Amino acid sequence: MLHRSIAMPLGQSSAFKRFNIYMVFCILSLNAISLLNLLSATTNIAKHLKGIFYSQLMWIAVGWGIYWLLTFVNYRIFVRLAYAFYFLNIIALIAVMYVGKTSYGAQRWINLGFFSYQPSETMKLAMILVLTKHLSKFNPSDGIGFRDLLVPMILVGLPFALTAKQPDLGTALLILTISGSLLLTMRVKWHVLITAMCVALVAGPLAWQYALKPYQKNRVMTFLYPNKDPRGAGYNSIQAKIAVGSGQIFGKGFRNGSQSQLEFLPEKQTDFIFCVLSEEHGFLGCLLTLGIYTILLLSILQSAFSAKDLYGALLSIGIFSLILWHVFVNVGMVTGLLPIVGVPLPLISYGGTSSLTMMVGLGWVSSVYYRKDMF
């Protein structure tokens, strides 16, 4: 009897198994890395940006509130409202063209007073939701043909065009890549894939000639030949690679990075925060951070594989793609493997919209995992 009375409370603790503990641990770890690097990056920064550390702390707190709220709300509710979210985001993207705030030559933000909202960030979530709802009608074993792709192409093409017009080609391509990853999950037929690759080969030169703006072409040329204009177009790329390489194995130590502390690095609190991490904490610090991202991605896949319906599986795969491609592009651009584009490092770069977007997505994944044993 005593054994049973002890065993029952212990058995009740199994309720914690309904939470994705690995995902919680990884998010907390990335939050700590974010705050540590922001604390260093803002040491000698302009006075009007001194408060970004405390702002990020606030966004992290708000993000966790959203995460736990969404964990207990059934994710199917959001999928059912997918088209409403999608069209609201389309309206927001159109509104940016008329009332958006311009910064660094791009009109991407709507000033809401207490913070600047970037519709292209939340559009990524809306795309994942609407594609999850649409693709769940198909049988994955049948494969997707040309006719099945007509509606997804329209759904993806509209926000892609609106985001590219801001101009924000980096985010537009991410919307395209994330959507493509979700479509591949549904097993696109081979003849469709081959046709898509042929179209891409033809469209590439045409886009270079007629669609890309001069500064976008310049970024590609700078990526290929960064030393051609070291004090102009190639400056950001060169300084980023110097910062990443100068950290070597163990790094220079907290607040001891020459590139970051002496203001050589541009936007070190946002797009180039991985450079601060690499310079001050070295290869080992980068390896640890990428290892945490790997565990986070695997925990998201765990939610996808344990999902009780196609909604949950597709939603989790969509968030997996969202985080994977953000990390890949951000790390690739600061290490010289990809052209410089404005893509933040998930859960580490400073930014209210970006931080909340990631926590909303991860909250949906947590909701999927929480319901894996419910019938």
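All figures in this text were calculated on a predicted structure; none of them were measured in a lab.
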Residue pairs involving residues 81-100 (criterion ring pair (Phe, Tyr, Trp, His ring centres under 6.0 Å); sequence neighbours excluded): none
For Leu39 versus Phe254, what's the shortest heavy-atom pair and its separation?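 Nearest pair, atom of Leu39 first, then Phe254: CD2-CZ, 4.0 Å.
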On a heavy-atom basis, the closest approach of Asn330 and Pro344 is ND2-C, 3.6 Å
Just checking, Lys268 and Phe272: is the charged tip under 6.0 Å from the six-membered ring centre and within 45° of the axis?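 Verdict for Phe272: no cation-pi partner in Lys268.
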Sidechain-backbone polar pair: [X] side chain, [Y] backbone, donor-acceptor under 3.5 Å:
X: Arg371; Y: Thr71; value: yes
X: Ser349; Y: Thr270; value: yes
X: Ser367; Y: Tyr75; value: yes
X: Ser34; Y: Leu30; value: no
X: Asn20; Y: Ser299; value: yes

No-hydrogen, no-angle side-chain donor-acceptor test under 3.5 Å, Ser40 and Glu280: yes
Can you tell me how far apart OG1 (Thr185) and CD1 (Ile317) are? Round to the nearest 0.5 Å. 5.0 Å
State the CG-CG distance between Leu288 and Leu277, to the nearest 0.5 angstrom.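 So the gap between those two atoms works out to 8.5 Å.
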With clusters defined by side-chain heavy atoms of hydrophobic residues (ILVMFWY) lying less than 4.5 Å apart, directly or transitively, does Ile295 cluster with Leu284?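 Each belongs to a different hydrophobic cluster.
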So Trp68 and Phe19, would you call those rings parallel, tilted or perpendicular, with 30° and 60° as cut-offs?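 The rings of Trp68 and Phe19 stand perpendicular, inter-plane angle above 60°.
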Which of parallel (below 30°), tilted (30 to 60°) and perpendicular (above 60°) describes Phe78 and Trp364?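 Plane angle between 30° and 60°, so tilted.
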Is the centre of the Tyr370 ring less than 6.0 Å from the centre of the Phe72 ring? yes
Could you tell me which residues satisfy salt bridge (Lys or Arg N to Asp or Glu O under 4.0 Å) with Arg255, sequence neighbours excluded, listed by chain and number?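 Salt bridge (Lys or Arg N to Asp or Glu O under 4.0 Å) list for Arg255, sorted by chain: empty.
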Given Tyr117, which of Thr353, Asn111, Thr122 fulfils the side chain to side chain donor-acceptor pair (under 3.5 Å) condition? Thr122
Under the salt bridge (Lys or Arg N to Asp or Glu O under 4.0 Å) rule, what pairs show up with a residue in residues 270-279, not counting sequence neighbours?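 Only Lys252-Glu279 qualify under salt bridge (Lys or Arg N to Asp or Glu O under 4.0 Å).
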Any side-chain heavy-atom pair of Ser321 and Thr177 under 4.5 Å: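 When only atoms from C-beta onward are counted, Thr177 and Ser321 do not touch, as no gap falls below 4.5 Å.
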